[in-house]
Asker: 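The structure's right below; bear with me while I get my questions together.
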Amino acid sequence: MSGWLPGWSGRWVRAGLAVAAAALVIQALRSWLSSPARRFQFEPEEIARLARHHAGLDHEQAFSKIIVELRKRHPGHILPDEDLQWVFVNAGGWMGSMCLLHASFSEYVLLFGTAVDTGGHSGRYWADIYDTVISGTFRQWKEGTTKSEIYYPGDTIVHHSGEATSVQWSAGTWMVEYGRGFIPSTLAFALADTVFSTQDFLTLFYTVRVYAKGLLLEANAYFSDTS
């Protein structure tokens with residue numbers, strides 16, 4: 001019986017080291033994101049206010065106006081028209097479509113919505129996510145509660161880091177989304193159903209490619225500012 005003790009003790013030590021390493025990584029990320037020296041390109045209220053201004057319009061018209069305005073306010077930080085692409089997102093049992101406008105390691109701005117009724121699990125992220133509804137309705141059932149809430153055009157929904165909810169979109173719901181935190185952590189959830197369920201690897205390629213384009217755009221903007 002004593003023969004298995006060294007093996008088990010070694011496993012417990014490795015598991016403890018892994019937990020400690022994960023805790024250190026999480027703390028380092030939190031410190032990095034909350035550092036006073038950390039500068040963000042966008043503010044949540046800025047994106048929400050811009051989206052509210054166009055809420056209730058035809059979503060395609062609203063999106064066009066929002067893109068133009070963001071390019072005026074943040075030149076060099078919004079992807080050019082030739083890189084804008086609507087890409088399917090399958091995650092948490094739901095299916096939608098997103099058009100990425102801006103991406104870095106700590107922020108993103110995108111357009112999101114669905115042409116059909118859909119719903120499922122929100123995901124649990126190392127990031128705060130802000131959605132402002134342009135058209136349609138969004139229903140959210142928060143963890144630990146027994147009632148859901150419905151949001152309408154002009155409303156902003158805040159999904160804080162570490163939270164999980166049940167989410168539901170009615171057909172024709174479109175919104176503007178801003179995320180702030182450790183953005184790569186959101187990709188695992190966003191791509192999980194694509195990899196393990198739909199196996200739509202073309203969509204996987206589109207998603208990774210547009211995120212890479214966003215990172216390259218930010219790298220170019222950074223070096224242009226520092227040169």
Asker: List the residues meeting salt bridge (charged side-chain N to carboxylate O under 4.0 Å, His left out) with Glu143, not counting sequence neighbours, and say none if there are none.
Answerer: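 Applying salt bridge (charged side-chain N to carboxylate O under 4.0 Å, His left out) to Glu143 gives Arg124.
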Asker: With Arg71, which residues qualify under side-chain contact (heavy atoms from CB on, under 4.5 Å), at least two apart?
Answerer: Ile67, Ile78, Asp81, Leu84
Asker: Which hydrophobic side chains are connected to Trp141, either touching it within the sub-4.5 Å cutoff or through other members that do?
Answerer: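 Its cluster mates, by chain and number: none.
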Asker: How would you list, by chain and number, every residue that makes a side-chain contact (heavy atoms from CB on, under 4.5 Å) with Glu69, sequence neighbours excluded?
Answerer: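 Checked Glu69 against side-chain contact (heavy atoms from CB on, under 4.5 Å); matches are Leu50, Lys72, Arg73.
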Asker: Got a sec, which residues hit ring pair (Phe, Tyr, Trp, His ring centres under 6.0 Å) with Tyr211, two or more places apart in sequence or on another chain?
Answerer: none
Asker: Assign the ring pair Phe112 / Trp94 to parallel, tilted or perpendicular, where the plane angle (0 to 90°) is split at 30° and 60°.
Answerer: perpendicular
Asker: How are the rings of Trp174 and Phe63 set to each other: parallel, tilted or perpendicular (split at 30° and 60°)?
Answerer: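 Perpendicular.
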Asker: Partners of Arg209 by salt bridge (charged side-chain N to carboxylate O under 4.0 Å, His left out), sequence neighbours excluded?
Answerer: none
Asker: Under the 4.5 Å side-chain heavy-atom rule for ILVMFWY, direct or indirect, which residues accompany Val68?
Answerer: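 Same cluster as Val68: nobody, lone residue.
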Asker: Could you check whether any side-chain N or O of Ser122 sits under 3.5 Å from a backbone N or O of Ser166, counting only pairs where one atom can act as donor and the other as acceptor?
Answerer: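 No; judged by distance alone, with no hydrogens or angles, the pair does not exist.
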Asker: For residues 145-165, pull every pair meeting ring pair (Phe, Tyr, Trp, His ring centres under 6.0 Å), keeping only residues two or more places apart or in separate chains.
Answerer: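 Listed by first then second residue: Tyr125-His159.
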Asker: Taking Gln41's backbone N and O only, do any of them form a donor-acceptor pair with Glu107's side chain (distance below 3.5 Å, no angle check)?
Answerer: yes
Asker: Report the residues that fulfil salt bridge (charged side-chain N to carboxylate O under 4.0 Å, His left out) with Asp83, sequence neighbours left out, ordered by chain and then residue number.
Answerer: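 Lys213.
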Asker: Could you tell me which residues satisfy side-chain contact (heavy atoms from CB on, under 4.5 Å) with Val208, sequence neighbours excluded, listed by chain and number?
Answerer: Leu191, Leu204
Asker: Taking salt bridge (charged side-chain N to carboxylate O under 4.0 Å, His left out) as the definition, give me every residue that meets it alongside Glu43, ordered by chain and number, with sequence neighbours left out.
Answerer: Arg180
Asker: So does Val158 get a backbone contact from the side chain of Asp128, meaning a donor-acceptor N/O pair under 3.5 Å?
Answerer: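 No: the side chain of Asp128 does not pair with the backbone of Val158.
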Asker: So, using ring pair (Phe, Tyr, Trp, His ring centres under 6.0 Å) as the criterion, who are the partners of His77 when residues are at least two apart?
Answerer: none
